[in-house]
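Presented below is the structure to which this report refers.
Within every chain, numbering begins at 1; the chains are lettered A, B, ... in the order of the sequence lines, protein sequences first and strands thereafter. Values below: all heavy atoms of this structure, side chains included; hydrogens, waters and symmetry mates excluded.
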2 protein chains.
Amino acid sequence: MSVGHEAQPSPSVSDLFRNAFRRHPAGLAIISAAGPNGPAGILSSSVASVSLDPPALSFTISTLTSSAQIVRSADTVVVHLLDAGDLKLARTFATPGSVRFGDDMAWDYLPTGEPFLLETKAQIRCRQLGHLDVGNSSIVAAEVLDVTQGESTALPLVYSNRAFHIFHEFPIR
Amino acid sequence: MSVGHEAQPSPSVSDLFRNAFRRHPAGLAIISAAGPNGPAGILSSSVASVSLDPPALSFTISTLTSSAQIVRSADTVVVHLLDAGDLKLARTFATPGSVRFGDDMAWDYLPTGEPFLLETKAQIRCRQLGHLDVGNSSIVAAEVLDVTQGESTALPLVYSNRAFHIFHEFPIR
C-alpha cells in the first residue's frame, strides 16, 4: 500500500508565460482589410513602431479566425490606433461573431479600397512587407504608406489584465 | 529613432507616423544577452505575446547600437517585464552610454549563461526563432524556454508620449 500525495502537475511554460504577460500593458488598435466578401477587421494589442526610415510597424495576428486570415493575406491594411473615445469599437471587435462594419458603424472605403473606421483618432495605411509565422500566429511587418490623424483629445486606451482601461497620463517626474 | 528639427513645408509620412504613434501606450521590458565582452541589455517598448503553442513573443530592436547588435545576434535572450518598482532600471537602460550591469545593479548570470536582472518581476528566457529586418531595425520572433516570476505587487509601467507612467489599474466596467 502506498500513501502519498498525488503529484500536482506543475504549470507548463505556456501557462507561466501567459500569467507573466497578463499584466503587461498594451495600446489597442483595429486592423482592417478588404476581403473577398466585404470588409474584415481585428482588434490587436500588439501594434509596435518598427522603423522611421522606412516608416514601418509590426503586429501579430492569430490565423485561426476568418477575419484574421483576411487581414493576414491582404496586400494593404489600415491600422487604427484607438483611444478612450473608441471603447465601443474596441468592445465590438473584441467580441467573437459580432457584427462589424454594419449600418450603425461609421465606416467607409478609402479611394485605395481598404475599409476604414471614420471616428478613430489615427488611421495608418500600410503595405505588408513580410511575415514570421509561429504556431498559429503570424508576425507582420508593414510599411506605412500614409497617415490620417484627427483632432481627438481623448485619453489613450490600455489593455491589461484582460480588461480595457482609460489611461490617465500622469507622467513620473 | 532620430529627432530632427529641419524645416519642412509639409510633414513627411515618417513625421506623421511618429506623431500618430507618440501617444500609443506600451509596456516596458529590458532584454539582455551575453556578449563577447560582457552582458548587454536594451529597453524595449515593443514586446508582444505571439503564441502560446509554442509559447513565443516578439520585439523590435534598432540595430544601430552595440547593445542592440549583441541582443540581435544572441541565440538566447532574457526578456524582463518591468513594473513601477523597476523605474530606476528603466531610466538607466533608456540613457545612452549609461553604466549597465555594474556593481550597483542587482544582476547575475543564469546557469545557461545569460545575464539577468534579479529584482524584476518576470524574467522570460527565450531562443530567437527568426528575424524580419526593416531599415535599421529588426523584428525578432523568440520561443519562450522558461519563465521566472517573482512576487511583485507593484503597478505596471507604461511608456507614452515620451515619458514613463505608473499605470493605475482602474478597469472600465
Side-chain angles (χ1 to χ4, degrees), chain A residues 12-14 16-21 23-27 29 45-60 62 81 83 87 121-122 124 129-132 134-137 139 141 143-149 156-158 160-161 163-172, chain B residues 1-2 13-14 16-21 23-27 29 45-60 62 81 83 87 121-122 124 129-132 134-137 139 141 143-147 149 156-158 160-161 163-172:
Chain A
S12 67
V13 172
S14 286
L16 293 169
F17 174 53
R18 182 172 48 199
N19 191 48
F21 224 86
R23 284 181 73 207
H24 197 64
S45 60
S46 65
V47 175
S49 174
V50 169
S51 163
L52 289 175
D53 182 21
L57 54 76
S58 66
F59 54 88
T60 295
S62 158
L81 303 182
D83 63 22
L87 186 59
K121 70 169 175 180
I124 305 173
L129 293 171
H131 302 94
L132 270 170
V134 180
N136 289 315
S137 295
I139 304 164
E143 181 171 1
V144 175
L145 302 176
D146 42 71
V147 178
T148 307
Q149 188 160 21
L157 200 56
V158 167
S160 178
N161 210 5
F164 298 122
H165 302 71
I166 293 173
F167 176 50
H168 298 279
E169 289 183 302
F170 301 115
I172 303 161
Chain B
M1 195 172 287
S2 68
V13 172
S14 286
L16 292 169
F17 173 53
R18 181 172 51 198
N19 191 47
F21 224 86
R23 284 182 73 208
H24 196 64
S45 61
S46 65
V47 175
S49 174
V50 168
S51 163
L52 289 175
D53 182 21
L57 54 76
S58 66
F59 55 87
T60 294
S62 158
L81 303 182
D83 64 21
L87 187 60
K121 70 168 174 180
I124 305 173
L129 294 171
H131 302 95
L132 270 171
V134 180
N136 289 316
S137 296
I139 304 164
E143 180 171 1
V144 176
L145 302 176
D146 42 71
V147 178
Q149 187 161 22
L157 200 57
V158 168
S160 178
N161 208 9
F164 298 122
H165 302 72
I166 293 172
F167 176 49
H168 296 279
E169 289 183 301
F170 301 115
I172 302 161

Exercise. Look up atom OG in S14(B) and atom CG in L52(A), then write down how far apart they are to the nearest 0.5 Å.
Key: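 That separation rounds to 5.5 Å.
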Quiz item: Out of curiosity, H131(B) NE2 to I139(A) CD1, how far, rounded to the nearest 0.5 Å?
Solution: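 That separation rounds to 10.5 Å.
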Tell me the closest heavy-atom pair linking [X] and [Y], and the distance in Å.
| X | Y | answer |
| --- | --- | --- |
| L145(B) | V13(A) | O-CG2, 3.5 Å |
| R23(A) | K121(B) | O-NZ, 4.1 Å |
| V50(B) | S137(A) | O-OG, 2.7 Å |
| F17(A) | P55(B) | CD2-CB, 4.0 Å |

Structural part of [X] lying under 4.5 Å from a heavy atom of chain A:
| X | result |
| --- | --- |
| I166(B) | both |
| A48(B) | both |
| T60(B) | side chain |
| N19(B) | both |
| A26(B) | backbone |

Quiz item: Counting heavy-atom pairs under 4.5 Å to chain A, which of S45(B), A29(B), A122(B), A56(B) comes out on top?
Solution: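 Going by pairs under 4.5 Å, I would pick A56(B).
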Quiz item: Below 4.5 Å, heavy atoms only, C-beta onward: do L132(A) and L129(B) meet side chain to side chain?
Solution: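 Side-chain contact under 4.5 Å: no.
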Quiz item: Got V134(A) and P54(B) here, is their nearest side-chain heavy-atom distance under 4.5 Å?
Solution: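 Yes. Closest side-chain heavy atoms under 4.5 Å.
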